[in-house]
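Single-structure report; data block below.
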Amino acid sequence: MKIYNSKTRTKEEFIPLEPGKLKLYACGPTVYNYFHIGNARSFIFFDVVRRYFEYLGYDVTYAQNITDIDDKIIEQSISEGKEFSKIADKYVQAFLDDCEALGIKAPTHQPKATDTMPQIIELIHNLQLKGFAYEVNGDVYFDTGALPEYGSLSGKQIEDQLVGARVAENIAKKHPADFTLWKASKPGEPSWQSPWGMGRPGWHTECVVMSRHYLGETFDIHGGGVDLIFPHHENENAQAMALSGKPLARYWMHNGFLNVDGEKMSKSLKNFFTARDILQEYDAEDIRHFFLSKHYRSPIDFTRELMEESHKAMQNLRKSITAFGYDALLETDIPDMEILKLEQSFQAAMDDDFNTAKAIAVIFDLSHKSRSSILDLDIRKQAAAMILKLGKVLGLFSKPTHENSEVTEKLTASLIELFLSYRAQARTDKNWALSDKIRDDLQNLGIDIKDGPEGSKWSLK
RNA sequence: GGCGACAUAGCCAAGUGGUAAGGCAGAGGUCUGCAAAAUCUCCAUCCCCGGUUCAAAUCCGGGUGUCGCCUCCA
């Protein structure tokens with residue numbers, strides 16, 4: 001398998017640290033608001049990475065942080081007039097709910113920053129002891145000048161950055177690139193006791209603590225959106241290098257943005273739609289198809305038209321499945337060589353840096369096979385079963401959508417009403433033979449009809 | 001100013017040396033009382049210029065355009 005490593009900017013052969021095991025970390029949300037559909041791209045993509053490795057038989061440990069203390073949460077707590085922990089709790093729950101609705105499997109570990117405070121403080125303290133951190137008036141900064149490798153992940157020459165950098169002047173820092181590890185709190189702000197007084201952690205430390213705790217000093221894959229390469233991941237890696245001389249992760253994967261009118265969707269630009277809202281409009285799996293039909297590193301424009309296209313494409317595939325029945329396909333063996341060959345094509349696509357667009361094309365090939373009138377019914381059924389098997393790797397067709405749902409129930413009711421309206425017409429026409437036939441036929445299907453002054457009523461036996 | 005990405009049919013999108021996957025839309029055939037559905041078939045020479053090569057969408061150089069990071073951000 002080949003994975004594009006942001007650090008080396010090349011596709012590299014993936015070799016796990018331990019054969020058969022994958023240690024994966026992807027950055028989670030800061031819970032000061034509902035996450036938007038652009039954030040969802042990242043969560044969905046790394047969910048697919050996890051699912052694919054599991055499909056390959058790997059034992060996957062997937063950790064994701066939840067940042068439940070930071071400046072934005074404090075701001076939000078002021079604007080909503082609630083305690084910061086109430087805000088955090090509310091949006092943590094919303095995050096978990098929305099992820100579930102998007103068909104994202106819960107990570108193996110999903111720690112919160114506030115539950116990791118002693119370890120965060122310990123790590124910062126260790127950095128200080130090793131001479132990579134310094135304190136100024138209760139703030140603690142990472143000393144980037146002390147680490148020659150600083151900038152190696154993002155490929156930034158720190159000196160080059162100074163000219164045009166829009167970094168606010170901070171006289172306390174030895175170097176403008178130095179970043180906050182610990183921030184002294186102002187009165188009234190949430191704070192924790194530390195060797196440097198009351199304060200709270202900077203953003204970049206928690207991920208280092210959590211990932212190392214759950215995955216080891218160095219783990220396989222670290223992921224997130226491209227905007228995290230610098231400074232977030234650079235700063236995470238710097239801390240790991242400073243502590244042990246070893247990189248935090250071996251492969252760094254970064255997904256591209258979701259754009260709106262050619263511009264990055266972002267909370268600061270206020271051009272976003274929350275995942276929550278979009279889920280009201282579209283099926284979660286249609287949303288997943290929308291993202292996965294493009295390569296994860298490319299930017300994607302978000303438009304309703306494209307969402308509609310994804311919906312239609314998915315409906316098309318769903319028909320191939322419902323033609324045979326969801327449950328029946330789950331139990332179908334797939335010995336056919338041609339179809340197994342297509343599974344290999346799917347794997348080859350996924351092995352090539354998660355080419356989900358190509359992988360989906362293979363699923364459409366299977367769909368054609370499943371409907372081709374020149375093939376045996378058994379082969380067609382196997383093709384449909386393979387759609388289900390491979391779709392699950394992408395988090396598609398994970399449930400028998402539109403089969404036994406409320407939709408069906410509503411439809412049944414409307415259909416019965418429809419028959420009753422025909423029968424009413426027949427009665428008006430005094431066509432008793434037809435009217436009685438409709439009643440008897442419905443009764444044979446288990447539907448009782450009772451005529452009354454206000455018309456006919458039906459009930460299930 | 002530094003670093004980086006991208007540019008393929010009406011739209012979306014794969015494709016890193018050998019004459020362009022797939023989806024949506026569109027056209028035609030079959031089927032059909034009509035319509036729909038289904039099914040089969042068709043629909044691009046890859047932003048521009050120059051170079052390397054027997055051969056380039058794919059490599060190199062130069063343009064043009066779009067976007068991103070360097071500040072919280074998936």
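Lettering of chains follows the sequences in order, A, B, ..., and the numbering in each one begins at 1.
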Could you give the distance separating [M] and [N] at their [atom1] atoms, to the nearest angstrom?
N	M	atom1	answer
rA25(B)	rG62(B)	C1'	38 Å
rG68(B)	rA35(B)	C1'	50 Å
rC47(B)	rA20(B)	P	15 Å
rA21(B)	rG2(B)	C1'	39 Å
rU64(B)	rC48(B)	C1'	7 Å
rC69(B)	rA37(B)	P	44 Å
rG18(B)	rA57(B)	P	10 Å
rA7(B)	rU16(B)	C1'	16 Å

Between [X] and [Y] (salt bridge meaning N to carboxylate O under 4.0 Å), is one present in this structure?
X	Y	answer
Asp352(A)	Lys11(A)	yes
Arg200(A)	Asp71(A)	yes
Lys86(A)	Glu80(A)	no
Lys2(A)	Asp353(A)	no
Asp286(A)	Lys312(A)	no

| Under 3.5 Å, is there a donor-acceptor pair between the Ser320(A) and Ser367(A) side chains? |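 Yes, because at least one side-chain N or O of Ser320(A) sits under 3.5 Å from a partner of the opposite role on Ser367(A).
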
| message | Is a donor from one side chain sitting under 3.5 angstrom from an acceptor on the other, for Thr8(A) and Glu12(A)? | response |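 Note: Thr8(A) and Glu12(A) side chains meet the donor-acceptor criterion.
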
| message | Closest-nucleotide mapping onto RNA chain B: is Tyr4(A) or Ser268(A) further toward the 5' terminus? I mean the 5' end. | response |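 The residue whose closest nucleotide sits nearer the 5' end is Tyr4(A).
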
| request: Let me know, please, whether Leu258(A) or Ser154(A) comes out on the 5' side of the other along RNA chain B by nearest nucleotide. | output: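 Closest to the 5' end, via its nearest nucleotide, is Ser154(A).
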
Just the rounded figure in Å: distance from [atom2] of [N] to [atom1] of [X].
X	N	atom1	atom2	answer
His289(A)	rA13(B)	NE2	P	12 Å
Asn235(A)	rC72(B)	CG	C1'	13 Å
His233(A)	rC72(B)	NE2	P	14 Å
Lys369(A)	rG22(B)	NZ	P	13 Å
Arg318(A)	rG23(B)	CZ	P	16 Å
Arg9(A)	rA5(B)	CZ	P	7 Å
Phe230(A)	rC72(B)	CZ	C1'	13 Å
Met265(A)	rG68(B)	CE	P	13 Å

Using a 4.0 Å heavy-atom cut-off across all strands, classify [X] as base, sugar-phosphate, or nothing.
X	answer
Gly38(A)	base
Ile360(A)	nothing
Glu305(A)	nothing
Arg297(A)	nothing
Phe43(A)	nothing
Leu228(A)	sugar-phosphate
Ile300(A)	nothing
Gly223(A)	nothing

| Is there a donor-acceptor pair under 3.5 Å between the side chain of Arg51(A) and the backbone N or O of Lys392(A)? |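 Yes.
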
| If only atom types and distance count, is the side chain of Arg250(A) paired as donor or acceptor with the main-chain N or O of Ile15(A) below 3.5 Å? |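 Checking the backbone N and O of Ile15(A) against the side chain of Arg250(A), a donor-acceptor pair under 3.5 Å is found.
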
Under a 3.5 Å cut-off for both distances, is [N] Watson-Crick or wobble paired, and to whom?
N	answer
rA7(B)	rU64(B)
rC72(B)	none
rG17(B)	none
rA27(B)	rU41(B)
rC59(B)	rG51(B)

| message | Using the side-chain contact (heavy atoms from CB on, under 4.5 Å) criterion, which residues pair with Val260(A)? Sequence neighbours excluded. | response |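 side-chain contact (heavy atoms from CB on, under 4.5 Å) check on Val260(A) returns Met265(A), Asn271(A).
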
| query | Is Lys267(A) close enough and on-axis enough to Tyr32(A), meaning under 6.0 Å and within 45°, for cation-pi? | reply |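 Yes, Lys267(A) and Tyr32(A) form such a contact.
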
| task | Assign a letter to each nucleotide of nucleotides 24-48 of chain B from its 5' end: B, base within under 4.0 Å of a protein heavy atom; S, sugar-phosphate only; -, no contact. | result | BS-----------SSS---------

| query | With distance as the sole criterion, do the side chain of Lys156(A) and the base of rC69(B) form a donor-acceptor contact below 3.5 Å? | reply |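 Donor-acceptor pair under 3.5 Å: yes.
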
| request: Could you check whether the rings of Tyr52(A) and Tyr55(A) sit parallel, tilted or perpendicular, using 30° and 60° as the cut-offs? | output: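 Tyr52(A) and Tyr55(A): parallel rings.
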
Every protein N/O within reach of nucleotides 14-18 of chain B N/O, cut-off under 3.5 Å:
{"residue": "rA14(B)", "atom": "OP1", "partner": "His295(A)", "partner atom": "N", "Å": "2.7"}
{"residue": "rA14(B)", "atom": "O3'", "partner": "Asn355(A)", "partner atom": "ND2", "Å": "2.8"}
{"residue": "rG15(B)", "atom": "OP1", "partner": "Asn355(A)", "partner atom": "ND2", "Å": "2.9"}

